[in-house]
Amino acid sequence: MDILEELWYGNITPTEYSRIENNSNYKELLKVVTQNQERLKATLNDEQKELLEKLLSANEEFSNIIELDCFKIGFKLGTRLTIEAYT
């Protein structure tokens, strides 16, 4: 099976190749974000906590959209480079 078929059938998951989880800078930043988020939540009332959760959820959705766009742009650029290499 070629790589396009593997991708089509779901045998390749591009996120499996992410190096973020093994990046110490990522881990440290995630730790800081999580600690500050928990500290902030401890100071908020219920209405403010709900507003914070809505904000965080919207921010996550926004990030997912941007990541998808970046993936598409990278894939298209890679395809164009490959085509250029063969012409």
Side-chain angles (χ1 to χ4, degrees):
M1 198 176 295
D2 68 19
I3 192 163
L4 293 177
E5 289 178 0
E6 292 284 340
L7 187 59
W8 174 259
Y9 289 111
N11 297 330
I12 297 175
T13 308
T15 55
E16 288 177 358
Y17 300 100
S18 175
R19 296 182 188 153
I20 292 174
E21 291 83 13
N22 297 324
N23 184 317
S24 62
N25 292 332
Y26 170 83
K27 287 180 181 179
E28 185 60 33
L29 184 57
L30 181 59
K31 181 180 174 182
V32 170
V33 168
T34 302
Q35 286 174 344
N36 286 324
Q37 184 176 328
E38 292 306 314
R39 288 177 61 202
L40 178 60
K41 278 184 181 180
T43 66
L44 301 177
N45 64 38
D46 289 342
E47 183 180 339
Q48 292 168 328
K49 286 178 185 177
E50 184 178 334
L51 184 58
L52 176 62
E53 289 303 321
K54 287 180 181 179
L55 172 67
L56 293 173
S57 178
N59 190 55
E60 183 177 349
E61 187 175 339
F62 180 72
S63 292
N64 289 337
I65 291 168
I66 290 172
E67 288 174 13
L68 176 59
D69 270 353
C70 288
F71 174 78
K72 289 178 179 179
I73 290 167
F75 189 86
K76 289 175 183 178
L77 179 58
T79 301
R80 288 174 54 199
L81 288 169
T82 302
I83 291 169
E84 183 75 21
Y86 284 107
T87 58

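Values reported hereafter were calculated over all heavy atoms of this structure, with side chains retained and with hydrogens, waters and symmetry mates removed. Here, residue 1 is the first one in the sequence, and each next residue gets the next number.
Judged purely by atom type and a 3.5 angstrom limit, E28 has no side-chain atom pairing as donor or acceptor with the backbone of N25.
Applying the 4.5 Å side-chain rule to ILVMFWY residues, one finds that I65 remains a lone member of its cluster.
To the nearest 0.5 Å, the span separating CG on L29 from CG on N23 amounts to 9.5 Å.
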For residues 71-87, which side-chain N or O atoms pair as donor and acceptor with protein atoms under 3.5 Å away, sequence neighbours left out?
residue, atom, partner, partner atom, Å
T79, OG1, F75, O, 2.9
T82, OG1, G78, O, 2.9
T87, OG1, I83, O, 3.4
T87, OG1, E84, O, 3.2

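Within the structure, side chain to side chain donor-acceptor pair (under 3.5 Å) contacts touching residues 29-44 (residues at least two apart or in different chains) are K41-E53.
Hydrophobic clustering of Ile, Leu, Val, Met, Phe, Trp and Tyr side chains at less than 4.5 Å, counting indirect connections, unites L56 with L40.
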